[in-house]
Amino acid sequence: MWVVLIASVVVLVFTKWVHSWRRLKHYEKLPKGSMGFPLLGENLDFLTPHSSFDIAPFIETRMVRYGPIFRTNLMGRRAIVSTDTNLNHLIFQEEGNLFRSWYPDRLTKIFGRQNILSMHGQNFKSLKNMIINLYGIESMKKMVREVEASTKTRLRRWSTRNMIDLKDETATMIFDFTSKKLISYDRESSSENLRENFDVFIKGLISLPLNFPGTAHHKCRQGRKRTMKMLKNMLQERQANPRKQHNDFFDYVLEELEKHGTLLTQEMALDLMFFLLFASFETTSLALTLAIKFLVDHPRVLTELTVEHEGILKNRDKADSGLTWAEYKSMTFTFQFINETLRLGNVAPLIFREALKDVEYKGFVIPAGWIVVPSLSAVHLNPENYVDPLTFNPWRWEKSDGGASKHLMAFGGGLRFCFGAEFVKLQIAVFLHSLLTSYK
């Protein structure tokens, strides 16, 4: 009796679900695909990790079955996944017109309702202009010597140890540097372990949303809560005792808060600082770790890089005079190496957008309100874009200016091109220079 009743309910729900899809606007023009199970969609396949530089199995199997553009159901939303190079380029270029930044509600809550990923229009432009003061070219020029000094100190410390966890150590190195630049945080003198808070935050970032003690999600939220409390206390202390000179980015943010007619609110300021602390070290340390792995695996690349960096020392009047911006910009093969690392590494393989209006493309229609997921790894590993795409080959970039293009989207594109792109390249290049000219 109960079995029949349950089976009847399941059939009823499934039939209603299929019927609702048949009544969708533009149904006949939607890309092929599967919507998975009711409510669950295809989330389980989508979130399954894979240990390879190749395209994620979730995407690759559906590319073969449905083509480069397919429909699915992710995060409780109807979605279009694109592995099409030109469509992905269009999505980035039409930010604010045809598409806008979108992320799952759970991530939005974790990062804060006023975080820059969820900002649009004038608020987004205002925050972007502020961040340019931190990661703009002029700021980067001033940072070269500071990054070099920080890197050399860390390398000397590592050289006295038998073994290190490179991902963890590079993350610590970058976090200590950026947290000092952002909020004058010193791990040695602070009573709050900021890095530990971010560690638990990151570990629970992609987890089941079960918010009770002991779960990864709960620890994630607690890590953010402790960090936000620290940032709020710091903001209030700075407001009570303002500095005469800008010593870090927080001082600049506080000055902006005091301006008449500013769009910046205290909540926006705190969410911005939290996001910058997170974004400035996690992906960079991953890219740097991959860079060292590729060096170990490719002796010819190591030799050419070593020649380039030793050549910089030979061309100086004093070998130990310190790295300059001009020397950094002269690292031709280093930038080829970094581009290839980012292409294969795919540190941010997926980005979410939402269609603002019906978009027609190659006979398909992307309906307004659907989310769009441009797959960057599919572009970077497309044999039409790169010969033998799974092979690590920095020389493929010899005739490229190394900038963003529709074939290299490691830092996104368009209006939301990653603000810290130059900082990531600077960190990797300076680390390589310090390592290859001083150690084996």
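- The CD1 atom of I366 sits 10.0 Å away from atom CG of L30, with the distance rounded to the nearest 0.5 Å.
- Between the side chain of R78 and the backbone N or O of N73 there is no donor-acceptor pair closer than 3.5 Å.
- Pairing each heavy atom of L263 with each of S126, the nearest pair is CD1-CB, 4.3 Å.
- Annotation: cation-pi pair R145/W325 absent, no NZ/CZ under 6.0 Å from the ring centroid and within 45° of its normal.
- Between I338 and V424, every side-chain heavy-atom pair lies at or beyond the 4.5 Å cut-off.
- The backbone N or O of F58 lies less than 3.5 Å from a partner atom in the side chain of R62, making a donor-acceptor pair.
- Here the CG atom belonging to L276 is positioned 9.5 Å from the OG1 atom belonging to T178, to the nearest 0.5 angstrom.
- Other residues, nucleotides and ligands place no more than 12 heavy atoms under 6.0 Å from the NZ atom of K232.
- Salt bridge annotation for D176-K180: absent, with no cationic side-chain nitrogen under 4.0 angstrom from a carboxylate oxygen.
- Side chains of N115 and T108: a donor-acceptor N/O pair is absent below 3.5 angstrom, by distance only.
- Within 6.0 Å of CD on Q93 lie more than 12 heavy atoms contributed by other residues, nucleotides or ligands.
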Kindly determine whether D84 and K362 satisfy side chain to side chain contact (heavy atoms under 4.5 Å, CB included), including the steps that lead there.
CA-CA 11 Å; D84 183 284; K362 290 186 177 180; 2.9 Å; yes

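- Side-chain atoms of N339 and L408, non-hydrogen and from C-beta on, do get closer than 4.5 Å to each other.
- In this structure, NZ on K181 lies 9.0 Å from CG on D248, to the nearest 0.5 angstrom.
- A distance-only check finds a donor-acceptor pair linking the side chain of T172 to the backbone of D168 [under 3.5 Å].
- Ring geometry for F53 against F294 counts as tilted: the plane angle lies between 30° and 60°, on a 0 to 90° scale.
- A salt bridge links K167 to E282: one of the charged nitrogens lies within less than 4.0 Å of a carboxylate oxygen.
- In this structure the side chain of V301 reaches within 4.5 angstrom of the side chain of F392, judged on heavy atoms.
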Go through the steps for T324 and V144 under the test side chain to side chain contact (heavy atoms under 4.5 Å, CB included), then give the verdict.
CA-CA 7 Å; T324 67; V144 175; over 6 Å; no

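- Between the side chains of E42 and T72, at least one donor N or O sits under 3.5 Å from an acceptor N or O.
- Checked by atom type and distance alone, the side chain of E94 never pairs as donor or acceptor with a backbone atom of I91 at under 3.5 Å.
- Closest of all the heavy-atom pairs between N123 and M119 is CB-SD, 3.6 Å.
- Using a 4.0 Å cut-off between charged nitrogen and carboxylate oxygen, E95 and R353 count as a salt-bridge pair.
- Ring planes of F111 and F275: perpendicular class, angle over 60° (limits at 30 and 60°).
- Contact between N43 and G76 at its shortest, heavy atoms only, is ND2-N, 4.3 Å.
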As a quick check of understanding, evaluate salt bridge (Lys or Arg N to Asp or Glu O under 4.0 Å) for K425 and E422, giving each step before the final call.
CA-CA 5 Å; K425 293 179 181 180; E422 192 65 49; 5.4 Å; no

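- A cation-pi contact links K329 to F335, judged by a cut-off of 6.0 Å to the six-membered ring centre and 45° from its axis.
- The main-chain N or O of N247 is found under 3.5 Å from a side-chain atom of D251 such that the two form a donor-acceptor pair.
- Ring planes of W102 and F352: perpendicular class, angle over 60° (limits at 30 and 60°).
- A distance of 7.0 Å separates CZ in F250 from CD1 in I183, rounded to the nearest 0.5 Å.
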Evaluate F212 against H218 for ring-ring contact (aromatic ring centres under 6.0 Å, His included), listing each step before the verdict.
CA-CA 6 Å; F212 54 84; H218 179 77; 8.0 Å; no

For F431 and M173, run side chain to side chain contact (heavy atoms under 4.5 Å, CB included): C-alpha distance rounded to whole Å, both residues' side-chain angles, the deciding distance at 0.1 Å, then the answer.
CA-CA 11 Å; F431 184 89; M173 175 184 72; 3.7 Å; yes

Dump the intermediate steps for ring-ring contact (aromatic ring centres under 6.0 Å, His included) on F337 and W397, then the final yes or no.
CA-CA 8 Å; F337 172 80; W397 297 96; over 10 Å; no

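- Under the 3.5 Å distance criterion, the side-chain polar atoms of S34 are matched with a main-chain donor or acceptor of G36.
- Considering every non-hydrogen atom in both F201 and C220, the closest pair reads O-SG, 3.2 Å.
- Cation-pi geometry between R396 and Y386 is not met: the NZ or CZ atom fails to fall both under 6.0 Å from the ring centre and inside 45° of the normal.
- Screening F175, Y185, F278 for a ring-ring contact (aromatic ring centres under 6.0 Å, His included) with F198, the sole residue that qualifies is F175.
- Residues V373 and I59 fail the side-chain proximity criterion, which asks for heavy atoms closer than 4.5 Å.
- One N or O on the side chain of R77 and one on the backbone of G369 form a donor-acceptor pair closer than 3.5 Å.
- Although no hydrogens or angles enter the test, the distance criterion places no donor-acceptor pair under 3.5 Å between the side chain of T306 and the main chain of L436.
- Contact of the K357 side chain with the N97 side chain is not registered, since no non-hydrogen atoms from C-beta on lie closer than 4.5 Å.
- Between the side chains of E308 and T332, no donor N or O sits under 3.5 Å from an acceptor N or O.
- Within a 6.0 Å radius of NZ in K293, other residues, nucleotides and ligands contribute 12 heavy atoms or fewer.
- With rounding to the nearest 0.5 angstrom, the OG1 atom of T170 is 8.0 Å from the CD1 atom of I164.
- The residues D271 and R224 are annotated as salt-bridged, a charged nitrogen and a carboxylate oxygen being separated by less than 4.0 angstrom.
- Between M63 atom CE and S375 atom OG the span is 7.5 Å, to the nearest 0.5 Å.
- Between I351 and F92 there is a side-chain heavy-atom pair separated by less than 4.5 Å.
- Checking T151 against H433 by side-chain atom types alone, no donor-acceptor pair falls below 3.5 Å.
- In terms of modelled atom types and a separation under 3.5 Å, the side chain of N382 and the main chain of A378 share no donor-acceptor contact.
- Ring pair F423/Y135 is tilted by interplanar angle, where 30° to 60° counts as tilted.
- The shortest heavy-atom contact between A269 and L264 is N-CD1, 4.0 Å.
- Contact of the R226 side chain with the V200 side chain is registered, since non-hydrogen atoms from C-beta on lie closer than 4.5 Å.
- Side chains of I116 and F419 form a contact here, defined as non-hydrogen atoms less than 4.5 Å apart.
- For the residue pair L87 and Y361, the shortest heavy atom distance occurs at N-OH, 3.4 Å.
- Under the 3.5 Å distance criterion, the side-chain polar atoms of D358 are matched with a main-chain donor or acceptor of A368.
- Between the side chains of K406 and N86, at least one donor-acceptor pair of N or O atoms lies under 3.5 Å.
- With 3.5 Å as the limit, one finds a donor-acceptor pair spanning the side chains of H380 and N346.
- Looking at R195 and D199, a side-chain N of the basic residue comes within less than 4.0 Å of a carboxylate O on the acidic one, giving a salt bridge.
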